[in-house]
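These notes concern the structure reproduced below.
Just the heavy atoms: all of them, side chains too, but no hydrogens, waters or symmetry mates, feed the values below. Throughout, numbering of the chain's residues begins at 1 and tracks the sequence.
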Amino acid sequence: MRAQTFQVSIFGTRATGIDMGDVISDYFSHHLKFRVRLLYIGGNGQREIPGAAYMPKHYQALSISVNDKLQPQRLRFADAAPLLITSSASEEDARRRLPAVAQGEDVIIRFRPNVHVDVGEEQEPYEEDGWSMLVIRSQSDPEQEVSVRCLARTVRCLSLNVDLAKGGMIATNRQLYGLLAKDRRVNDKFPNKPVFGQYACAGPSGAVLRVGDEVEITERISRANTPMSASPITPNGPVTPITPYGPITPG
């Protein structure tokens, strides 16, 4: 029996979605209170990164290599890139925007990063806007070194305003979307949306990142790398290491 298929568009890239059947659809529809279908990615099981929505019109959406020694990366039904990188300095800035009674909240959970870098006092808030290449070194495996390429400043959606415990919207004075939009609309391709973090990809494939691994910024850019350009690294850009290295913190 052949399952029904759909063409799914996510951030300007397309993939085939294979329907997983009525039983699982009815289950999720019952609990979500509206009709949904659960799809499994078909075809070769991969989408290009970053999403075409982040590319200027004169570029095609391309699979991105971390560097010239690693194979291009793709992704499945994830967002526009495999990783989202944020910093502790930016987290603290976002926290200070909340009313005093709410500043004890777990702010970073609302931003949902894969890699959250503890920069201590070394970096100002939102300096990750200018990060281009990072190296992450394992503390448990001295032979392992992971290269991270930052792709685009991450524009945020209204999910920042969701009360994660109750599922509804939180009070207006605690809604991070609006609080950030006052001065964090720094992605020229999406001028009305606030930015927090950077989309990124990493390699080699199969490497393991752990809490406490050391992070070094090896390349920065002097201009925004959004919209995505074919070569976002400024020629002869300075190498700027962090000393001491900032450990990855849970996020």
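Applying the salt bridge (charged side-chain N to carboxylate O under 4.0 Å, His left out) test to Arg185 and every residue at least two apart in sequence or in another chain returns nothing. Remark: Asp106 engages no residue in a salt bridge (charged side-chain N to carboxylate O under 4.0 Å, His left out) (not counting sequence neighbours).
A distance of 8.0 Å separates CD1 of Ile108 from OG of Ser87, quoted to the nearest 0.5 Å. Note that CG of Leu98 and CD of Glu105 are 5.5 Å apart. Values are rounded to the nearest 0.5 Å. Distance check: Tyr177 OH to Asn161 CG gives 8.5 Å after rounding to the nearest 0.5 Å.
In terms of hydrophobic clustering, with Ile, Leu, Val, Met, Phe, Trp and Tyr side chains grouped at heavy-atom distances under 4.5 Å, Tyr27 and Tyr40 are assigned to a common cluster. One hydrophobic cluster, built from ILVMFWY side chains closer than 4.5 Å, cannot hold both Leu38 and Val23; they sit in different ones. Using a 4.5 Å cut-off between side-chain heavy atoms of Ile, Leu, Val, Met, Phe, Trp and Tyr, with links allowed through other members, Ile109 and Val162 fall into the same hydrophobic cluster. The cluster map of Ile, Leu, Val, Met, Phe, Trp and Tyr, joined by side-chain heavy atoms under 4.5 Å apart, puts Leu158 and Val107 in the same cluster. Placement of Leu84 and Leu134 in two distinct hydrophobic clusters is found when ILVMFWY residues are connected by side-chain heavy-atom separations under 4.5 Å, directly or transitively.
A salt bridge between Asp26 and Arg37 is absent, with no side-chain N of the basic residue lying under 4.0 Å from a carboxylate O of the acidic one. Salt bridge annotation for Arg137-Glu145: present, with a cationic side-chain nitrogen under 4.0 angstrom from a carboxylate oxygen. Taking the charged nitrogens against the carboxylate oxygens, Arg153 and Glu128 have no contact shorter than 4.0 Å, which rules out a salt bridge. Between Arg2 and Asp19 there is no salt bridge, since no side-chain N of the basic residue sits under 4.0 Å from a carboxylate O of the acidic one. Using a 4.0 Å cut-off between charged nitrogen and carboxylate oxygen, Glu92 and Arg96 do not count as a salt-bridge pair.
Taking each heavy atom of Ala200 and Cys150 in turn, the nearest pair found is CB-CA, 4.0 Å. For Ile217 against Arg220, the heavy-atom pair with the smallest separation is CD1-NH2, 3.5 Å. For the pair Pro125 and Ser90, the tightest heavy-atom approach, listed with the atom from each and the gap, is C-OG, 3.8 Å. Across every non-hydrogen atom of Arg110 and Arg174, the tightest pair is NH1-O, 3.1 Å. Taking both residues in full, the closest heavy atoms of Leu176 and Ala94 are given as CD2-O, 3.8 Å, listed atom of the first, atom of the second, then distance. Shown here for Leu179 and Asn173, the closest heavy-atom pair between the two residues is CD1-O, 3.8 Å.
Proximity of a side-chain donor or acceptor of Gln175 to a complementary backbone N or O of Ile170 within less than 3.5 Å is detected. Gln198 places a side-chain N or O within 3.5 Å of a backbone atom of Trp131 that can act as its donor or acceptor partner. Looking only at distances, no side-chain donor or acceptor of Asp163 sits under 3.5 Å from a matching main-chain atom of Met169. When atom types are taken as modelled, the side chain of Ser147 and the backbone of Val135 share no donor-acceptor pair closer than 3.5 angstrom.
The number of heavy atoms from other shown groups lying within 6.0 Å of CD (Gln103) is above 12.
By the 4.5 Å heavy-atom criterion applied to side chains, Leu39 and Phe6 are counted as neighbours. The closest side-chain heavy-atom distance from Met20 to Ser25 is not below 4.5 Å. Counting heavy atoms from C-beta outward, His116 and Ser88 have side chains that approach closer than 4.5 Å. Side-chain contact between Ile85 and Pro113: absent, with no pair of heavy atoms (C-beta onward) separated by less than 4.5 Å. Counting heavy atoms from C-beta outward, Phe34 and Ser29 have side chains that stay 4.5 Å or more apart. Residues Val208 and Asp141 fail the side-chain proximity criterion, which asks for heavy atoms closer than 4.5 Å. In this structure the side chain of Val146 reaches within 4.5 angstrom of the side chain of Leu209, judged on heavy atoms.
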Next item on the list: Start with the C-alpha distance between Ser132 and Arg149, add both sets of side-chain angles, then the distance that settles side chain to side chain donor-acceptor pair (under 3.5 Å), and finish with yes or no.
Entry: CA-CA 6 Å; Ser132 181; Arg149 178 178 175 185; over 6 Å; no
Check: side chain to side chain contact (heavy atoms under 4.5 Å, CB included) between Cys201 and Val148: does it pass, once the steps are laid out?
Finding: CA-CA 6 Å; Cys201 57; Val148 178; over 6 Å; no
Check: Taking it one step at a time, do Val186 and Lys193 satisfy side chain to side chain contact (heavy atoms under 4.5 Å, CB included)?
Finding: CA-CA 8 Å; Val186 294; Lys193 291 181 176 290; over 6 Å; no
Next item on the list: Apply side chain to side chain donor-acceptor pair (under 3.5 Å) to the pair Gln7 and Thr16, showing each step before the final yes or no.
Entry: CA-CA 5 Å; Gln7 285 298 306; Thr16 299; 3.0 Å; yes
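Both the sub-6.0 Å distance and the 45° axial angle are satisfied by Arg184 relative to the ring of Tyr126.
Checking each of Asp129, Thr154, Leu180 against Val195 for a side-chain contact (heavy atoms from CB on, under 4.5 Å) leaves exactly one that passes, namely Asp129.
Taking the six-membered ring for Trp and thresholds of 30 and 60 degrees, Phe111 and Phe196 have nearly parallel ring planes, at less than 30 degrees apart.
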